[in-house]
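One-based numbering, in listed order, for ligands and for the atoms of each. Remember, it's a predicted structure, so these values are computed and weren't measured experimentally.
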Amino acid sequence: MNADKLSGKGLATKIIHAGAEPDPSTGAIMTPIFQTSTYVQTSPGQHKGYEYARSQNPTRTALEEAYAILENAKYGLAFSSGVAATDAVIKLMNPGDEVIAASDMYGGTYRLFTKIFEKYGIKFIYVDTTNIDNIKEVVTANTKLIWLETPTNPLMNITDIAAVSVVSKQAGALLCVDNTFASPYLQNPMDLGADIVMHSATKYLGGHSDVIQGCLVMNDKELREKLYLIQKSCGAVPGPMDCFLVLRGIKTLHVRMKQHCENGELIAHYLRNHPKVAKVYWPGFEDSAGHAIAKKQMRGFGGMISFTLKDDSVEAATKVLSSTKVFSLAESLGGVESLINHPASMTHASIPREERIKNGLSDGLIRLSVGIEDAEDLKKDLGQAIG
Ligand SMILES: *Cc1c(COP(=O)(O)O)cnc(C)c1O
């Protein structure tokens, strides 16, 4: 269904029906996979709104509508990966423009900024965004974008989105929030003043570890046109099969997220009480630094948890990482199955060691994507691995 038909409906109803209309030619309840590169025109320029599949594809259109509905935005755009979505946002910048970004964020975002875009004369300034004063200090007349990630990957730091949006508006800069960790089920940055929300749909939105995809949503029509121009000109679009997989994944987002949250809470407390564990990073702890803000802007705390052992060595961490049997050692997150990951050597290896340590990401840090298996099995598995 489209946004009008779903207005006033509950979140679960929106999640299940967003973007999905019965196929007009057959009545198929599921959006067909339009595996086509082009569309026949009746006479030159006479078509049904679809000309060439890099520019438009009906399976993608349905998904883009769903993305917008889930994030309470007007427009959605799908990309071939999360980083392709991020890439499109940075392509809004001109040489000389400044971007303020979180010092603790997804390693691939950092790599894209430093290794690809810096050479085009775009300046990136990294600050600890959990303290709003750090952002205010570096805002200049050239600040065109503030890039936030909350909760952050992998330290689960929380930034006050509404407070940053006040700063971005004063500066005349765009605010883009990477909402991958929370998913639209737990947090809607557009409602808190963001101009763009970005997702790696590879994670919770897809939910089944079977697709790579990204998205952007926005309310401003002009901004949508600029990003659509980048999407079709640069061509990082997802294929129709991948769009179908994400459409299908989204239908159970609420059911999965509820269980991720429940299991996440159980595992976070289990680890915190474990004698060999030093610190557990999870925004649901009442005494965690970001808890009050997380409670204000999120509807739950999710299934992402990081922790360190009292023996914070690579060796001790490696022993745990190679001993779990239910948790699989792999990058990525947000799928139904539990994953365990070593940020320093895996997801965040592209960040120089000094930068990592400075930001509190130690060599021994272990990150969990808690899946939706039986929590008892997950606890037992961690217990035997930690020893
Ligand atoms: C995975 C991830 C990305 C990148 O998305 P891809 O789909 O892998 O390109 C960006 N941000 C966060 C927080 C992620 O976890």
Side-chain angles (χ1 to χ4, degrees), residues 63 67 71 76-91 99 101-117 124 126 129 145 147-159 161 176-187 189 194 196-217 231 234-239 242-243 245-246 249-250 257 260 264 281 283 298 302-306 330-335 339-343 346-351 359 361 365 367-371:
L63 177 58
Y67 284 143
E71 282 292 7
L77 291 170
F79 292 84
S80 54
S81 66
V83 292
T86 304
D87 173 87
V89 176
I90 305 305
K91 282 175 178 156
V99 179
S103 49
D104 166 34
M105 60 179 182
Y106 176 66
T109 306
Y110 180 82
R111 181 176 57 204
L112 178 65
F113 291 179
T114 52
K115 294 276 196 313
I116 307 296
F117 279 111
F124 295 90
Y126 303 95
T129 56
L145 173 70
W147 184 276
L148 288 187
E149 195 179 303
T150 180
T152 60
N153 180 356
L155 293 171
M156 315 302 152
N157 286 317
I158 304 290
T159 293
I161 299 170
C176 181
V177 179
D178 180 340
N179 201 28
T180 301
F181 263 38
S183 90
Y185 181 74
L186 297 180
Q187 176 171 278
I196 306 171
V197 174
M198 173 263 163
H199 278 280
S200 167
T202 310
K203 317 295 169 55
Y204 287 110
L205 284 163
H208 295 76
S209 310
D210 53 9
V211 65
I212 295 281
Q213 194 173 133
C215 76
L216 299 175
V217 305
Q231 184 201 40
C234 300
V237 292
D242 286 356
C243 292
L245 286 171
V246 180
I250 284 174
M257 290 311 295
H260 283 297
Y281 300 82
M298 298 174 75
M304 294 304 299
I305 299 169
S306 293
E331 296 195 7
S332 200
L333 60 109
L339 300 180
I340 189 165
N341 161 46
H342 184 228
M346 296 166 70
T347 44
H348 291 66
S350 51
I351 302 175
N359 297 330
L361 198 172
L365 189 84
R367 191 191 78 182
L368 303 176
S369 171
V370 178

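- Between H199 and Y67, the distance from one ring center to the other does not fall under 6.0 angstrom.
- For ligand 1 and Q213, the ligand atoms under 4.0 Å from any heavy atom of the residue are 7 (O).
- Close approach of ligand 1 to E149 is summarised as follows: ligand atoms under 4.0 Å from at least one heavy atom of the residue are 13 (C).
- Between Y204 and H260, the two ring planes are perpendicular [angle over 60°; tilted spans 30° to 60°].
- Those atoms of ligand 1 that come under 4.0 Å of a heavy atom in N153, given as number and element, are 15 (O).
- Here the rule is side-chain hydrogen bond (donor to acceptor under 3.5 Å, both in side chains) with D104, and of T129, N153, T152 only T152 fits it.
- Proximity of M105 to ligand 1, defined as any heavy-atom pair under 4.0 Å, is not found for any part of the residue.
- Ranking the protein heavy atoms by distance from atom 6 (P) of ligand 1 puts G82 N, 3.3 Å first.
- Looking from atom 4 (C) of ligand 1 to the surrounding protein, the closest heavy atom is Y106 CE2, 3.4 Å.
- Closest to atom 12 (C) of ligand 1, if we only count protein heavy atoms, is D178 OD2, 3.4 Å.
- With a 4.0 Å heavy-atom cut-off, ligand 1 is reached by the backbone of V83 and by its side chain too.
- Less than 6.0 angstrom separates the ring centroid of Y110 from the ring centroid of Y126.
- For atom 2 (C) of ligand 1, the nearest protein heavy atom (residue, atom name, distance) is K203 NZ, 2.5 Å.
- At least one donor-acceptor pair under 3.5 Å links the side chain of Q231 to the backbone N or O of A78.
- M298 contributes atom CE, which lies 5.0 Å from atom CG of L186 (distance to the nearest 0.5 angstrom).
- In this structure, K91 forms no cation-pi arrangement with F79, as its terminal cationic atom is not both closer than 6.0 Å to the ring centre and no more than 45° off the ring axis.
- Distances shorter than 4.0 angstrom occur between a heavy atom of L333 and an atom of ligand 1.
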